[in-house]
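By convention here, the first residue in the shown sequence is residue 1. Everything quoted here is computed from the prediction, not taken from an experiment.
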Amino acid sequence: IMNKKDYLILDFESDDLDTNTLSPIQFGALIVDGSKLEIVPNSEFYSWSRPDNIDNPNYYLNHKDTIDFHCRNYGCSSDEFINKLKKAPIEKTVFENFLNFVSQYHNRQSGQTAFSAPIFVGFNSYSFDFPILDRLCQKYKKVGKDDKQSLYSPRDSMDILKIITLWFDPLEDITSYK
C-alpha cells in the first residue's frame, strides 16, 4: 500500500525574472487531496511579501518591466503597487508562515522529512518556482546535511508545463500554454 500524499500547488509572483536575484512578492499555495483529487477545504495559503531591497531609490527602475506587468494586471500605478509591497510582511515572516502551512499537510506529523511532505506541483515550476523555493530554503536555513533544500522531495515534485507540453504540442490550433 502506498502512502497517501496530498498535492501542494505552488505559485510565486516576483519583482523580476532572474530566479537568482529576484524577490518573491506573492506566495500562493493550496492543497489538493491526493486520493479524491479535490481541493482541501480551507487549505489556501496566500501572502504578499515585502522585498528586502524595496527601499532602494532605484527599486522601480531596476524592476520596471516586471512591476509594470503587475500594474497592468492589477490596474494600478507603479507608486500604488510599490506602496502595497512596502506594507507587506517581510519575506522571512512570509516564508516561516509558509513552512508552518506546509507542515500541516505532511503525511505524518512526527518525524517530518522532505519525503513526508506533500507533492509540490506548479506550472513552469522547474524553471521558476522551485529555484526560488530552493534559494529561500538556503537563505533561511531550511536545508539538510547535503546543504540542499529539505522542504520537499525533488523526486515527488511535478511541473505541469512538462505534462501539458506532451499533451498539446502536437495540436496545431494551440498557440500558447498560458
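The hydrophobic clustering, which links ILVMFWY residues whose side-chain heavy atoms are closer than 4.5 Å, places Leu37 and Leu8 apart. Placement of Leu151 and Val143 in two distinct hydrophobic clusters is found when ILVMFWY residues are connected by side-chain heavy-atom separations under 4.5 Å, directly or transitively. The hydrophobic clustering, which links ILVMFWY residues whose side-chain heavy atoms are closer than 4.5 Å, places Phe128 and Ile67 apart. Val40 and Val102 fall within a single hydrophobic cluster, where Ile, Leu, Val, Met, Phe, Trp and Tyr side chains are chained together by heavy-atom contacts under 4.5 Å. Clustering ILVMFWY residues whenever any of their side-chain heavy atoms sit less than 4.5 angstrom apart, transitively, puts Val121 in the very cluster that holds Leu30.
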| said: Quick one, Phe45 with Phe98, criterion ring pair (Phe, Tyr, Trp, His ring centres under 6.0 Å). Give me CA distance, side-chain angles, the key distance, then yes/no. | reply: CA-CA 7 Å; Phe45 179 88; Phe98 177 72; 5.6 Å; yes
| said: As a quick check of understanding, evaluate side-chain contact (heavy atoms from CB on, under 4.5 Å) for Phe123 and Asp11, giving each step before the final call. | reply: CA-CA 8 Å; Phe123 184 87; Asp11 187 36; over 6 Å; no
| request: Give the C-alpha distance, both sets of side-chain angles, the deciding distance and a yes or no for side-chain contact (heavy atoms from CB on, under 4.5 Å) between Leu10 and Phe130. | output: CA-CA 9 Å; Leu10 174 69; Phe130 292 163; 4.3 Å; yes
| Could you go step by step and tell me if Phe12 and Phe27 meet the ring pair (Phe, Tyr, Trp, His ring centres under 6.0 Å) rule? | CA-CA 5 Å; Phe12 287 110; Phe27 286 58; 4.9 Å; yes
| request: Evaluate the criterion side-chain hydrogen bond (donor to acceptor under 3.5 Å, both in side chains) for residue pair Tyr105 and Asp33; output intermediate values, then yes/no. | output: CA-CA 10 Å; Tyr105 297 100; Asp33 183 291; over 6 Å; no
| Going through the checks in order, is the side-chain contact (heavy atoms from CB on, under 4.5 Å) test met by Lys84 and Glu80? | CA-CA 6 Å; Lys84 185 167 191 65; Glu80 291 170 323; over 6 Å; no
| said: With side-chain contact (heavy atoms from CB on, under 4.5 Å) as the criterion, how do Phe120 and Asp156 come out once you've worked through the C-alpha distance, each side chain's angles and the decisive distance to 0.1 Å? | reply: CA-CA 7 Å; Phe120 278 51; Asp156 299 339; over 6 Å; no
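Residues Leu85 and His70 form no side-chain contact, since every pair of their non-hydrogen atoms from C-beta on lies 4.5 Å or further apart. Looking at heavy atoms from C-beta onward, Ser78 lies out of side-chain contact with Lys64 at the 4.5 angstrom threshold.
For residues 121-138, the set of pairs meeting the side-chain hydrogen bond (donor to acceptor under 3.5 Å, both in side chains) definition, not counting sequence neighbours, comprises Asp134-Tyr152.
One distance of note links CD1 of Ile132 with NZ of Lys139; it measures 12.0 Å at 0.5 Å rounding. A distance of 5.5 Å separates CG in Asp52 from OG in Ser23, rounded to the nearest 0.5 Å. Here Ile82 contributes atom CD1 and Cys71 contributes atom SG; the two are 7.0 Å apart, rounded to the nearest 0.5 Å. With rounding to the nearest 0.5 Å, the separation of OG in Ser77 from CG in Asp68 is 10.5 Å. The structure places OG1 of Thr113 at 7.5 Å from NE2 of His106, a figure rounded to the nearest 0.5 Å.
Between Ala114 and Ser150, the shortest heavy-atom distance links the atoms CB-O, 3.7 Å. The shortest heavy-atom contact between Ile163 and Met158 is CD1-SD, 4.4 Å. Heavy atoms only, all atoms of each residue included: Tyr7 and Gly34 are closest at CE1-CA, 3.8 Å. Here the closest non-hydrogen pair linking Phe101 and Ser43 is CZ-O, 3.0 Å. Listed here is the closest heavy atom pair of Thr66 and Asp16: OG1-CA, 3.5 Å. Here the closest heavy-atom approach between residue Arg155 and residue Phe115 is recorded as NH2-CD2, 3.9 Å.
Listed by chain and number, the hydrophobic cluster partners of Phe69 come to none, as no ILVMFWY side chain reaches under 4.5 Å of it.
The one candidate from Leu136, Thr19, Asn20 that meets the side-chain contact (heavy atoms from CB on, under 4.5 Å) condition with Pro131 is Thr19.
Although no hydrogens or angles enter the test, the distance criterion places a donor-acceptor pair under 3.5 Å between the side chain of His63 and the main chain of Asp15. With Gln112 contributing its side chain and Ser103 its backbone, the two residues share a donor-acceptor pair below 3.5 Å. Under a 3.5 Å cut-off, the side chain of Lys5 and the backbone N or O of Ala117 do form a donor-acceptor pair.
The 12-atom threshold is not exceeded at NZ of Lys148, counting heavy atoms of other residues, nucleotides or ligands nearer than 6.0 Å. No more than 12 heavy atoms of other residues, nucleotides or ligands lie within 6.0 Å of CG in Asn42, so this atom counts as exposed by the packing criterion.
Comment: Arg50 engages Asp55 in a salt bridge, judged by a side-chain N to carboxylate O separation of less than 4.0 angstrom.
Side-chain contact check for Tyr140 and Glu91: at least one donor-acceptor pair (N or O, by modelled atom type) lies under 3.5 Å.
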